[in-house]
Every structure is written in structure tokens, then in C-alpha cells.
There are 2 protein chains.
Amino acid sequence: MTQARPMRADARRNYERLLRAAVEAFAEHGEGASLDDIAKRAGVGSGTLYRHFPTRRALLEAAYLDRIEALAQRADAIARELPPGEALVEWLNELALGLTRVRGLKSLLGSAVTDDGSAVATACGSRLTGAAERLVRAAQAEGSLRGDVEPIEVLRLTHGVATASELASGAGTDVRRYLSLLTDGLRAAP
Amino acid sequence: MTQARPMRADARRNYERLLRAAVEAFAEHGEGASLDDIAKRAGVGSGTLYRHFPTRRALLEAAYLDRIEALAQRADAIARELPPGEALVEWLNELALGLTRVRGLKSLLGSAVTDDGSAVATACGSRLTGAAERLVRAAQAEGSLRGDVEPIEVLRLTHGVATASELASGAGTDVRRYLSLLTDGLRAAP
DNA sequence: ACCTGAACACCGTTCAAGT
DNA sequence: ACCTGAACACCGTTCAAGT
């Protein structure tokens with residue numbers, strides 16, 4: 001997965017500058033931030049950006065890798081602290097909050113749980129679906145979650161809940177409330 | 001609300017040409033369709049498009065007005081046929097299906113139920129919120145819907161459900177299923 | 001091997017000139 | 001009063017030239 005040969009020193013430096021600039025720009029302007037502006041912030045030519053990150057999504061994914069990783073690890077931590085049903089709900093809450101707070105993160109999850117033709121199994125996508133898989137299966141085994149929902153569906157619905165609460169002004173307060181409606185529905189028998 | 005003086009004949013003709021071209025273009029390319037292309041299709045200068053529709057949203061709204069109207073009327077028709085709780089669920093199903101099938105319609109509803117600073121009460125927005133208002137209140141009076149949800153919240157959540165099911169390949173089949181999870185949650189006591 | 005930045009194509013928006 | 005289309009600003013993407 002990692003490149004065979006290490007990067008040349010200047011390439012590595014540009015790569016990291018681009019990543020830092022991207023994190024800043026995405027935070028300021030959302031996932032639509034100007035790529036040209038990101039290259040300028042990083043002090044590199046626009047061609048260099050394309051060399052390292054051939055698509056916007058590749059850059060977005062690289063910029064948010066650590067956040068995704070942290071969310072996945074939270075799943076495991078929570079699973080050790082709470083019984084399965086509560087663990088799932090708690091993790092979904094943290095996930096949904098993250099999706100509304102960190103601009104661009106929601107669209108990243110979106111493309112990770114899409115199954116259109118492309119269906120590029122992104123690194124961050126498989127990390128999150130893996131985490132969801134464990135929590136969902138455990139809750140189903142315990143009987144606190146209906147058995148006919150797939151982990152990826154739970155992620156899609158959480159994405160939807162985050163979208164819905166973004167439409168309200170105080171997105172932070174509504175997300176818990178909207179998510180509880182979803183989890184109430186998920187608990188019910190099919 | 002309607003203009004004081006009637007439009008000049010050529011203006012009226014251009015207006016309608018633009019509208020037809022917009023319906024076509026939005027259907028083909030989604031809400032992001034090129035405005036310049038729409039003007040070209042209609043055979044008018046780009047400035048004329050801006051004269052009639054100062055923003056993309058204005059054009060989008062005008063293009064979908066009849067669809068919105070039809071959805072609102074369906075709400076009343078269903079309300080006469082079914083008991084309140086079932087009527088709400090049935091209408092939300094038709095709404096969600098419309099949101100996934102008609103490209104651009106979802107974003108239109110989205111801006112109608114957003115309460116950010118702008119909060120322009122669009123014509124189509126108030127039409128849909130009015131319809132939702134009646135169905136929601138009736139279901140709550142009957143006791144088949146929890147009393148602490150607002151009509152606009154139900155619309156936001158339906159928007160979210162449509163978003164979630166768009167992430168699945170066969171959006172049409174998933175939307176009923178995802179919506180039923182939501183309505184299960186909405187039935188539960190608070 | 002990698003970087004730079006000019007060049008190209010495309011889009012939204014404005015506005016002077018025309019009828 | 002309304003229309004046209006050139007002009008401008010901006011953005012993504014490619015690629016020849018440079019180190």
C-alpha cells in the first residue's frame with residue numbers, strides 16, 4: 001500500500017505542505033475549497049498538487065485520515081465501556097456530531113457508503129464500515145437492534161440524520177434529537 | 001405578488017422558453033446544470049436569463065413549481081382517504097420518492113426547510129410546509145405521532161432519508177425501507 | 001524524478017450598445 | 001423596456017520546459 005521507494009526530500013516536503021494547506025482550506029471553505037488556492041497556500045505549483053493528489057477526493061481523504069482514524073478507534077473504546085446497544089447509539093452520536101462539525105467530513109463518508117458504479121473502496125471508508133460492522137453485529141446479537149439492517153445502512157442513515165440537522169440553525173443541538181428518532185426506529189422489530 | 005404590468009410579448013416568450021430549457025437541463029444534469037447552456041438552449045442571451053431569474057434558485061424554483069404544487073395537493077387528497085397516521089406516512093413516502101427521482105427537487109426542499117440567516121420563505125417552501133403542518137397536527141391529535149416533533153422537522157428528516165437512500169444503488173427500493181425506520185421512530189413515545 | 005507556471009477550456013456575472 | 005453578446009474574473013486541468 002505504501003509506495004515502494006521513499007519520496008524525494010522536496011516531494012515529501014511539498015506533500016506535507018499541501019496536506020496542511022488543504023486541512024486549513026477545507027475547514028474554511030468546506031469541501032469545495034479552491035484547489036488553486038490550496039496550491040498557492042502551500043507555495044507550490046498547481047501541477048504539483050495534481051501529481052500528489054490526482055482527484056479532489058484523494059486530497060480530502062488524505063486531509064481527514066486522522067479524524068477518520070480517531071472515530072474508528074472511538075468505536076472500539078466505547079464498545080469496551082458500554083453494553084452493545086448503548087455503545088452503538090453513543091458511537092453514532094459522536095459520528096453524527098463529527099459529520100456536522102467538521103466541514104467536508106460528511107461528503108467523505110457519503111462517498112464511502114455509496115455503491116454506484118465507481119464504488120472505490122476508500123481507505124477511510126473501510127475503516128468506518130469495519131467499526132460499524134462490529135458495533136451493529138454485537139447489538140443485533142444482543143437483540144437490541146433489529147436484525148434486518150446492514151452496518152452500511154446504519155452509516156447511510158446517520159449521514160442522512162447529519163444532513164437533516166444541518167438544515168436546522170443550531171445543528172449541534174438537533175443532531176442528538178434527530179438521531180434518537182432514528183435509533184428508536186432501529187430498535188423496533190421489523 | 002404577480003407583476004403589476006403584463007410582460008412584453010417577447011419577454012414573456014423568452015421567459016417560457018427559458019423555463020422549458022431549464023426543466024430539460026435540470027433533468028439531464030441535475031441542479032448544477034450550466035446556466036449558459038440553458039440560455040443557449042432557449043436561444044436567448046445569457047443576460048436575459050439573469051433578467052428573469054436573478055439566482056439559480058429562482059430558476060430552479062420556477063422550473064419545479066408545478067411538481068411542488070402537485071405534491072402539496074397529494075397531501076390533501078391522501079388526507080381525505082386515509083386516517084391521519086397512515087396519511088402522513090403515505091405522503092412522506094411519495095415525497096421521499098419524488099425527492100430521489102426528480103433531480104434537483106431535494107435541494108429545493110432543503111433550502112425551503114433551512115433556517116440559516118437568509119431564510120427566504122420561498123413560495124414552494126411554504127406550500128410544502130403548509131401541507132406537512134396539516135398532516136402532522138392531525139396525526140398528533142389522533143395520537144399516532146409523538147407530540148414533540150414539528151412539521152418542519154419531519155420535512156428535514158424526510159430530506160435526510162432521501163439523502164441516505166440516494167447513497168444506495170437502487171434508490172427507489174431503499175427509500176421505502178429507510179423511511180419506515182424513521183416513521184417507526186416517530187411513532188414511539190418521546 | 002519532480003516542480004513550475006503558462007495555456008486552455010469552461011463557467012457565472014455584468015454591462016455597454018442596440019432595438 | 002428588453003435583449004444581445006462581448007468582457008471580465010475565476011476555476012480545474014494539462015503539459016512543455018526547467019532543475
Side-chain angles (χ1 to χ4, degrees), chain A residues 2-64 103-104 107-108 111 118 120, chain B residues 2-64 103-104 107-108 111 118 120:
Chain A
T2 34
Q3 52 276 350
R5 295 227 268 113
M7 282 169 127
R8 223 169 64 177
D10 56 346
R12 159 126 240 115
R13 199 198 49 207
N14 283 340
Y15 181 91
E16 277 161 10
R17 280 190 183 176
L18 279 166
L19 220 47
R20 267 196 298 272
V23 168
E24 267 184 39
F26 286 141
E28 279 178 37
H29 304 112
E31 62 149 344
S34 159
L35 296 182
D36 197 58
D37 175 55
I38 291 176
K40 277 206 179 64
R41 281 185 203 233
V44 305
S46 50
T48 303
L49 188 152
Y50 283 91
R51 162 169 284 269
H52 289 295
F53 307 100
T55 66
R56 177 184 292 274
R57 191 142 306 284
L59 180 56
L60 204 58
E61 189 166 351
Y64 286 135
R103 309 187 63 175
S107 91
L108 199 55
S111 61
S118 66
V120 232
Chain B
T2 34
Q3 51 276 351
R5 297 224 270 112
M7 282 169 128
R8 222 169 62 176
D10 57 344
R12 159 124 238 118
R13 200 197 51 208
N14 284 339
Y15 180 92
E16 276 162 11
R17 278 190 184 177
L18 279 166
L19 220 46
R20 268 197 298 273
V23 169
E24 268 184 40
F26 287 141
E28 280 178 36
H29 304 112
E31 63 148 343
S34 159
L35 296 182
D36 197 58
D37 174 57
I38 291 176
K40 278 206 179 62
R41 281 185 202 233
V44 306
S46 50
T48 304
L49 188 151
Y50 284 92
R51 162 170 284 269
H52 289 295
F53 307 99
T55 67
R56 176 184 293 273
R57 191 142 307 282
L59 181 56
L60 204 58
E61 189 166 351
Y64 285 136
R103 307 187 62 176
S107 91
L108 200 54
S111 61
S118 66
V120 230

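In what follows, chains are A, B, ... by sequence order, proteins preceding strands, each numbered from 1.
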On DNA chain D, compare the nucleotides closest to A:Asp37 and B:Ser46; which residue's is nearer the 5' end? B:Ser46

Distance col, row B:Arg56:CZ vs B:Phe26:CZ, nearest 0.5 angstrom, shows 6.0 Å

Now, which nucleotide makes the Watson-Crick or G-U wobble pair with D:dC10, with each of the two distances under 3.5 Å? none

To the nearest Å, how far apart are B:Asp10 CG and D:dA1 C1'? 9 Å

Out of D:dG12, D:dT4, C:dT4, whichever nucleotide has its closest atom nearest the side chain of A:Leu35: D:dG12

Rounded distance (Å) that lies between atom C1' of D:dC3 and atom CG of B:Leu49: 13 Å

Whole angstroms only, please: what is the CG-P distance between B:Asp36 and C:dA9? 16 Å

Are any of A:His52's side-chain N or O atoms less than 4.0 Å away from OP1 or OP2 of C:dC2? no

Heavy-atom nearest nucleotide on DNA chain C taken for B:Arg56 and for A:Gly47; more 5' hit belongs to A:Gly47

Verify the contact: side-chain N or O of B:Arg51 to OP1 or OP2 of D:dC2, cut-off strictly under 4.0 Å; return yes or no. yes

Value in whole Å for how far the P atom of C:dA6 lies from OH of A:Tyr50: 16 Å

Look through every strand shown and name the nucleotide pairing with C:dT19 as Watson-Crick or G-U wobble, where both distances are under 3.5 Å. D:dA1

Could you tell me whether B:Ser34 contacts a base, only the sugar-phosphate backbone, or nothing, with contacts defined as non-hydrogen atoms closer than 4.0 Å? sugar-phosphate

Is the distance from OP1 or OP2 of D:dC2 to the nearest side-chain N or O of B:Asn14 less than 4.0 Å? no

Minimum heavy-atom distance A:Ser107-A:Glu31, with the two atoms named: OG-OE1, 3.0 Å

Length of the line joining B:Phe53:CZ and D:dC2:P, which is rounded to integer Å: 14 Å

Checking D:dC3, C:dC3, C:dG12 against the side chain of B:Ala11 (C-beta onward), the nearest is D:dC3

Rounded to whole Å, NZ of B:Lys40 lies from P of D:dC3 at a distance of 17 Å

Residue among A:Leu60, A:Leu19, A:Ile38, A:Leu35 satisfying side-chain contact (heavy atoms from CB on, under 4.5 Å) with A:Phe53: A:Leu19

B:Ala42 backbone acceptor or donor facing B:Arg20 side chain under 3.5 Å: no

To the nearest angstrom, how far is A:Glu16 atom CD from C:dC2 atom P? 15 Å

Regarding B:Glu16 and B:Arg12, does a basic nitrogen lie under 4.0 Å from an acidic carboxylate oxygen? yes

Please report the distance, rounded to the nearest Å, between CG in A:Leu18 and P in C:dC3. 9 Å

